[in-house]
Each structure stands twice: as C-alpha cells, then as structure tokens.
**Student:** 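Before anything else, here's the structure in question.
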Amino acid sequence: MKNLLLVTFFLFGSVTILQAQEQGDSRLHVLGQYGLRMDEPGIGFGWEYFFAPQFGLMPSYTQIFPAVGRASNFSADLRYYLSKEKSQVYVVTGYSLTSENPQPGAAGTKRNLSGANVGVGAVVPLTDWVGLSTEFKFQSQGIQQIYFRFGLDFPLGK
C-alpha cells in the first residue's frame with residue numbers, strides 16, 4: 001500500500017511539467033475490448049472531449065458478446081493525460097453501468113450493475129487523422145474484471 005501511494009504521489013507530482021491536449025479538442029474512438037477474466041469480447045465507440053488542459057471526458061458504449069445471453073456497457077470516464085509526446089499516456093477513472101441478460105426472452109432476467117472504473121492507457125498517433133488507442137481498465141461491478149481496450153481514434157479538432 002505504501003508503494004502504491006508513493007507511485008501515485010510521484011505521478012501526480014511530476015505531471016505539472018507535462019502537456020496534453022488543448023481545451024476544446026475532441027476525438028472519436030472506435031474500440032474493441034476483451035475481458036481478461038471471462039474471455040468476453042466486445043466492440044464499441046466513444047467520444048472524448050478535452051474540457052481543460054490535460055483533462056478529457058469520454059463517454060463510451062460497448063456491446064459485449066458473452067458465451068450466453070446479451071450484455072452491454074456504458075462508461076463515463078475522466079482521463080488525465082500525463083504527456084503530449086508521441087505517445088500520450090493517461091490515467092483514467094470513471095463510472096460504468098453494465099446491463100446483462102443471461103436468458104433473453106425470459107421475464108425478469110435482465111439486471112443492471114453499476115460501479116467504478118480505474119485504469120491506464122496510451123494514444124499513439126499513426127498519422128495526422130488517426131491514432132492507435134490502448135487501455136487496461138478495471139471495472140468494479142459484477143465479476144470485477146480487467147478489460148483490455150484497443151482501437152482507433154480520429155481527432156475532430158475544435
């Protein structure tokens with residue numbers, strides 16, 4: 001626990017000299033994700049808006065493909081960018097709502113689970129109009145699993 005606090009203090013203490021995106025910029029994200037605990041793939045999309053220097057707000061929707069039934073996830077994440085270099089590294093925290101129905105067509109089987117997200121990620125620009133996005137995110141609701149998210153992002157400008 002002491003090491004975690006030290007690393008957190010170091011990260012947030014050293015980021016004051018680093019730059020990230022400019023206020024008013026936005027990006028469109030096309031995502032794939034994979035649940036590392038339950039082997040659940042998914043596809044989705046999101047829109048990221050930079051409301052302050054180094055801070056982005058990203059709502060996203062993902063359709064999950066479990067082995068049985070149906071599931072989807074809505075997340076509203078706050079991203080803090082640690083760098084504006086070629087690889088833009090960020091930390092993420094937010095809210096997540098997962099809807100799952102293990103028996104579609106049966107009454108009373110749908111349930112909603114809400115919880116928190118925490119994670120880290122990076123965006124690497126490939127060209128001026130597309131970048132590669134990767135992220136590891138832990139979701140606290142339900143089975144509490146870690147997701148690996150990957151995809152493309154398209155800068156929209158101001």
Side-chain angles (χ1 to χ4, degrees), residues 1-65 71-99 113-158:
M1 182 67 176
K2 201 167 29 171
N3 289 338
L4 178 64
L5 288 173
L6 183 61
V7 169
T8 303
F9 177 75
F10 175 74
L11 285 174
F12 286 106
S14 65
V15 295
T16 58
I17 61 171
L18 301 174
Q19 299 287 325
Q21 297 296 317
E22 293 182 22
Q23 184 174 349
D25 286 352
S26 64
R27 296 183 202 178
L28 180 64
H29 293 259
V30 178
L31 306 165
Q33 90 173 14
Y34 187 75
L36 298 179
R37 184 172 175 196
M38 296 298 287
D39 299 325
E40 294 177 334
I43 57 171
F45 60 92
W47 175 67
E48 183 176 18
Y49 176 72
F50 294 93
F51 64 92
Q54 297 177 264
F55 285 96
L57 182 62
M58 183 173 155
S60 64
Y61 174 81
T62 305
Q63 183 66 45
I64 303 168
F65 302 103
S72 63
N73 176 268
F74 171 77
S75 292
D77 295 330
L78 175 67
R79 292 178 168 188
Y80 181 77
Y81 282 83
L82 304 173
S83 68
K84 190 181 176 178
E85 304 303 318
K86 201 68 162 150
S87 177
Q88 302 165 3
V89 178
Y90 62 87
V91 292
V92 64
T93 186
Y95 170 78
S96 185
L97 175 67
T98 299
S99 297
L113 306 165
S114 62
N117 298 328
V118 292
V120 296
V123 176
V124 178
L126 300 175
T127 67
D128 288 341
W129 59 274
V130 68
L132 176 66
S133 176
T134 59
E135 180 177 276
F136 281 98
K137 181 164 59 171
F138 172 76
Q139 292 184 338
S140 68
Q141 77 274 16
I143 59 170
Q144 302 178 349
Q145 90 174 302
I146 295 174
Y147 288 94
F148 173 63
R149 296 178 83 178
F150 54 92
L152 300 175
D153 72 71
F154 303 93
L156 301 175
K158 293 183 181 182

**Student:** Within the 3.5 Å criterion, strictly below it, is a donor on Asp39 or Tyr34 matched to an acceptor on the partner's side chain?
**Tutor:**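 Tyr34 and Asp39 do have a side-chain donor-acceptor pair below 3.5 Å.
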
**Student:** At what distance, to the nearest 0.5 angstrom, does CE of Met58 lie from CD of Glu135?
**Tutor:**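 Reported value, rounded in 0.5 Å steps: 7.0 Å.
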
**Student:** Cut-off 3.5 Å, no hydrogens considered: what does the side-chain donor-acceptor table look like for residues 146-156, sequence neighbours left out?
**Tutor:**
from	atom 1	to	atom 2	distance (Å)
Tyr147	OH	Gln145	NE2	3.1
Arg149	NH2	Ser60	OG	3.4

**Student:** Taking Ser140 for the side chain and Ala116 for the main chain, is one N or O donor matched with an acceptor at less than 3.5 Å?
**Tutor:**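 Indeed, once roles are kept as given, a pair shorter than 3.5 Å links the two residues.
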
**Student:** Mind telling me whether Tyr49 and Trp47 have parallel, tilted or perpendicular rings, with 30° and 60° as the class edges?
**Tutor:**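 Rings of Trp47 and Tyr49: parallel, as their planes differ by under 30°.
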
**Student:** Using modelled atom types only, decide if a donor and an acceptor are shared between the side chain of Gln33 and the backbone of Ile43 within a distance under 3.5 Å.
**Tutor:**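 Here the side-chain-to-backbone pair does not exist.
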
**Student:** Against Asn117, only a single residue in Asn73, Asp77, Thr93 fulfils side-chain hydrogen bond (donor to acceptor under 3.5 Å, both in side chains); can you say which?
**Tutor:**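 Exactly one candidate clears the test, Asp77.
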
**Student:** Closest heavy-atom contact between Gln141 and Ser114?
**Tutor:**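 Scanning both residues completely, I find the closest heavy atoms to be CB-O, 3.4 Å.
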
**Student:** Minimum heavy-atom separation for Ser72 and Tyr61, please, with both atom names.
**Tutor:**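 In this case the closest contact between Ser72 and Tyr61 is CB-OH, 3.3 Å.
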
**Student:** Roughly how far, to the nearest 0.5 Å, is the CG atom of Leu57 from the CZ atom of Phe55?
**Tutor:**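 If we round to the nearest 0.5 Å, Phe55:CZ and Leu57:CG are 11.5 Å apart.
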
**Student:** With rounding to the nearest 0.5 Å, note down the distance linking OH in Tyr81 to CD in Glu48.
**Tutor:**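 If we round to the nearest 0.5 Å, Tyr81:OH and Glu48:CD are 3.5 Å apart.
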
**Student:** For Gln63 and Ala71, which heavy atoms make the closest approach, and how far apart are they?
**Tutor:**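 Nearest heavy atoms, Gln63 then Ala71: NE2-O, 2.9 Å.
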
**Student:** Do Thr127 side-chain atoms and Trp129 backbone N/O form a donor-acceptor pair below 3.5 Å?
**Tutor:**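 Side chain of Thr127 to backbone of Trp129: a pair is present.
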
